[in-house]
Amino acid sequence: MPVLTGISSLVTCASPEGQGAIDAVPDAALAWREGLVTWAGPADRIPGAYGGETVLDAGGRLVVPGLVDCHTHLAFGGWRAGEFADRIRGRSYLEIAAAGGGIASTVRETRRLDEASLLDRARGFASEMLARGVTAIECKSGYGLDVETELRLLGVYRTLADEGPQRIVSTFLGAHVVPPEYRERREEYVRLLIEEMIPAVAADGLADFCDVFVEEGAFTVDEARRIFRVATAHGMSAKLHVDQLADGGGAELAAELGAASADHLEFVSDAGIAALASAGVVAVTLPIATLVLNQDPPPARRLIEAGAAVAVATDFNPGTAPSNDLALALLLACNRQRMTPAEAIKGATRYAARAIERESELGSLEPGKVADFAVLDAPDVDHWLYHYRPATAAATVIAGEVIHGELPGR
Ligand code: NIG
Ligand code: FE
């Protein structure tokens, strides 16, 4: 039953509500047993029963709940650096896509790779994230867009989930875009999704969620509604990419469906904001994608004022967010979305866990929750995000085991 002391600030996120309510305890201690937290609070109040236990030393650092990256496209083939340069020269994301680049180009590269190569790459990305304190990752398919490759991508995530160390949640994103070979017959692709892909994914229990990119150039609200009707019947919860490039009524659809989350939201309308807040749909913001596409940020302040829970994730993918650095996303959420560091960290812990429907186990440090946490080399959350450095996890702990870095005894 280890006890961790030497914690300058322990962010517990014990309060379920309140974007900025992170319940930071100065000079704290944290204890766990068999992978679950048993006690969290001020070091001088730890019950005497912990007296004879092994004491570990956080070295005067910040401890936060294991970071949850609740929106990634972790497995893909190739990269798209040429498009990055093209966009800087003035070509738009939609122009590049219309000319056969964009998502379609990653689909070509992904279809070429076998499962072992995709797994190798994805595992590498996940281990980089571990070194930065990320203990749970939501992973989307969506670069296969045929039955075989979509199943291969989800197979990669199943292997990652089985081998660990991170907790992996999988999302089927066969409705990312209509693949080029179906361009002239999109209804046939929607039918393929509904009649073959979703049943095949569900038969093998390969996805917790179904996601649809609702946008011009991707899927309409009506198509999404049909796809979700089938996905829900097959036991998958809904997540949506919405209102990223224009207001398409996607947030309202997410609310109507009772989705777990609505993601992107740069162009969400006032009606969409109100709908998300009243339906309790988590608003997932993806500030690296906003930055890379050189967009104005999503209205995080208005979402918070309306009462919505705002999460922050990387959206790691080779097109719009080629960085898997969640701390960078948090820094951008602060500076561009005008969220305080406390509000941002709530969005990458408790509210991110809510966005993947795992809030009952993950996202906060309280008795009974999993002992997943990161020891970050900073005195507190404000300092951590203000003095941004790429790899600040002195230790990453999952289910009470030190998986990255070290926690010396004292
Ligand atoms: O989340 N918006 C749609 N999908 C991805 C981008 C995919 C890509 O460009 O490869 C996103 O930003
Ligand atoms: Fe995405």
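Every number for a ligand or one of its atoms is a count from 1 in the order of the listing.
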Notebook entry, point to check: Do His71 and Thr314 come close enough that some side-chain heavy atom pair is under 4.5 Å?
Noted result: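 Not in contact.
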**Request:** Can you sort out the partners of Arg80 under side chain to side chain donor-acceptor pair (under 3.5 Å), two or more places apart, ordered by chain and number?
**Result:**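 Side chain to side chain donor-acceptor pair (under 3.5 Å) list for Arg80, sorted by chain: Glu83, Thr106.
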| message | Strictly by ring-ring contact (aromatic ring centres under 6.0 Å, His included), give each pair with a member in residues 178-202 just once, sequence neighbours left out. | response |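 Only Tyr182-Tyr189 qualify under ring-ring contact (aromatic ring centres under 6.0 Å, His included).
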Query raised in the report: Hey, what's the angle at the Fe ion (ligand 2) spanning NE2 (His241) and NE2 (His73), nearest 10 degrees?
Result: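 With the Fe ion (ligand 2) as the vertex, the angle is close to 100°.
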Does the separation of the ring centres of Tyr143 and His176 fall below 6.0 angstrom?
->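 Yes, the ring of Tyr143 comes within the 6.0 Å limit of the ring of His176, centre to centre.
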Q) Hey, is Glu181 close enough to Arg111 for a salt bridge, meaning N to O under 4.0 Å? A)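 Salt bridge: yes.
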*Parallel, tilted or perpendicular for Phe76 and Phe125, by the 30°/60° rule?*
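Because their plane-to-plane angle is under 30°, the rings of Phe76 and Phe125 count as parallel.
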Could you tell me which N, O or S atom of Asp315 is nearest to the Fe ion (ligand 2)?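 Restricting Asp315 to its N, O and S atoms, the minimum distance to the Fe ion (ligand 2) goes to OD1.
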Anything with a heavy atom under 4.0 Å from ligand 1 counts, so go ahead and list those protein residues by chain and number.
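Residues near ligand 1: His71, His73, Arg80, Tyr93, Ile103, Tyr143, His176, Phe213, His241, Gln244, His264, Asp315, Asn317, Gly319, Thr320.
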Which residues share a ring pair (Phe, Tyr, Trp, His ring centres under 6.0 Å) with His234, sequence neighbours left out
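With neighbours one apart ignored, the set is empty.
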